[in-house]
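What follows is a set of notes on a single structure, which appears directly below.
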Amino acid sequence: MTASPIIVVGLGNPGPKYEGTRHNVGVSVIEELAGRATMSPATLALHKRTNTQVAELAAGRLLADRRVVLARTQSYMNVSGGPVKALLDYFDASPADLYVVHDELDLPLGEVKLRTGGGDHGHNGLKSVTQSLSKLKNGKNYNKLAVGIGRPPGKMPPADYVLRQFAAKEQIDVAIAVADAADAFIAHAQG
């Protein structure tokens, strides 16, 4: 019997309106990982049974000894838990094999932090995932890979801030953070 794959899900909102926004930085990390797949870059395809887009990578394409499923949900951030649980069910994976990549207001722009378990820090996407996994054994002990987007300026509401594009002067920091997040996942998963 082969081991279940590691599942990496980038949280974000679907559609061109949200591409490149702060809330979709998790999706950017999935695209970075897909580009690193050996032999040729991986492409994500619609997986109707889970309402996600996935790329299934054999062992050796991204991690030396484990299969990896890269995914992004096709649902909005606040209801991403259902598709994430559907991925775990479909691929017979446990919460310990799940990495959820998300934006984080409480980290400075460009900082990356990987942790297992813990709270959701007010992030509605993580709340949805945690709620959907709560009935599974060790359901709260999944891996959270946060990419810092910083706090909104002045009195701007966080909900408006996360849906904004990164400013031109932030693009280099974001690109470095996305690469750093991909490196952090690979180092942790190869452990």
Side-chain angles (χ1 to χ4, degrees), residues 6-37 41-44 51-55 57 62 68-81 83-84 87 98-116 118-130 132 142-154 156-189:
I6 290 178
I7 298 176
V8 190
V9 181
L11 296 186
N13 288 318
K17 175 181 176 182
Y18 299 104
E19 286 179 18
T21 63
R22 295 169 193 281
H23 229 14
N24 276 32
V25 74
V27 173
S28 297
V29 174
I30 296 302
E31 292 166 354
E32 171 75 16
L33 289 168
R36 292 184 183 194
T43 56
L44 279 68
N51 193 31
T52 61
Q53 291 179 329
V54 301
L57 305 176
L62 191 61
V68 176
V69 174
L70 301 175
R72 69 168 292 173
T73 62
Q74 289 296 104
S75 59
Y76 286 94
M77 175 77 75
N78 296 353
V79 292
S80 50
V84 171
L87 281 167
L98 173 65
Y99 289 77
V100 176
V101 190
H102 62 93
D103 59 299
E104 180 61 61
L105 286 166
D106 291 330
L107 287 177
L109 178 67
E111 192 171 312
V112 172
K113 184 176 181 180
L114 195 151
R115 60 192 170 91
T116 302
D120 56 44
H121 295 211
H123 192 288
N124 289 330
L126 291 179
K127 281 182 190 175
S128 178
V129 171
T130 300
S132 292
Y142 62 95
N143 302 288
K144 298 170 180 132
L145 180 51
V147 180
I149 61 169
R151 300 295 302 172
M156 179 185 290
D160 293 342
Y161 180 69
V162 299
L163 297 178
R164 293 179 85 182
Q165 301 282 325
F166 288 100
K169 66 182 180 181
E170 297 171 318
Q171 294 296 329
I172 292 174
D173 290 335
V174 173
I176 292 169
V178 165
D180 287 349
D183 290 344
F185 159 70
I186 291 170
H188 189 267

Whether [X] side chain and [Y] backbone form a donor-acceptor pair below 3.5 Å:
X      : Y      : answer
Arg151 : Pro108 : no
Glu104 : Leu145 : no
Ser132 : Ser128 : yes
His123 : Gly125 : yes

Discussion item. More than 12 heavy atoms of other residues, nucleotides or ligands under 6.0 Å from CZ of Arg115: yes or no?
Written reply: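 Enclosed.
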
Worksheet item: Can you say whether the rings of His188 and Tyr99 are parallel (under 30°), tilted (30 to 60°) or perpendicular (over 60°)?
Response: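 If you compare the ring of His188 with that of Tyr99, the planes turn out perpendicular.
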
Item to complete: Starting from the C-alpha separation in whole Å, work towards a yes-or-no answer on side-chain contact (heavy atoms from CB on, under 4.5 Å) for Val8 and Val29.
Response: CA-CA 10 Å; Val8 190; Val29 174; 5.9 Å; no

Worksheet item: side-chain contact (heavy atoms from CB on, under 4.5 Å) between Tyr142 and Val84: does it pass, once the steps are laid out?
Response: CA-CA 11 Å; Tyr142 62 95; Val84 171; over 6 Å; no

Drop me the distance from [X]'s [atom1] to [Y]'s [atom2], to the nearest 0.5 angstrom.
X      : Y      : atom1 : atom2 : result
Leu70  : Thr43  : CG    : OG1   : 10.5 Å
Lys127 : Thr130 : NZ    : OG1   : 10.5 Å
Arg72  : Ser80  : CZ    : OG    : 11.5 Å
Asp103 : Thr21  : CG    : OG1   : 8.0 Å
Lys144 : Leu11  : NZ    : CG    : 11.0 Å

Practice prompt. Would you sort out whether Val54 and Leu87 count as a side-chain contact (heavy atoms from CB on, under 4.5 Å), showing the intermediate values?
Written response: CA-CA 9 Å; Val54 301; Leu87 281 167; 3.8 Å; yes

Worksheet item: Can you find a pair of side-chain heavy atoms, one from Leu105 and one from Pro152, that are under 4.5 Å apart?
Response: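 Heavy-atom side-chain distance check passes, below 4.5 Å.
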
Worksheet item: Quick one: salt bridge (Lys or Arg N to Asp or Glu O under 4.0 Å) partners of Asp120, sequence neighbours excluded?
Response: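 For Asp120 there are no salt bridge (Lys or Arg N to Asp or Glu O under 4.0 Å) partners, ignoring immediate neighbours.
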
Worksheet entry | salt bridge (Lys or Arg N to Asp or Glu O under 4.0 Å) partners for Asp183, two or more places apart |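 Applying salt bridge (Lys or Arg N to Asp or Glu O under 4.0 Å) to Asp183 gives Arg36.
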
Fill in: Non-neighbouring partners of Tyr161 that pass side-chain hydrogen bond (donor to acceptor under 3.5 Å, both in side chains), sequence neighbours left out
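Scan of Tyr161 (side-chain hydrogen bond (donor to acceptor under 3.5 Å, both in side chains), adjacent residues dropped) gives Arg22.
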
Worksheet entry | Worked verdict on Met77 versus His23 for side-chain contact (heavy atoms from CB on, under 4.5 Å) | CA-CA 8 Å; Met77 175 77 75; His23 229 14; 3.6 Å; yes

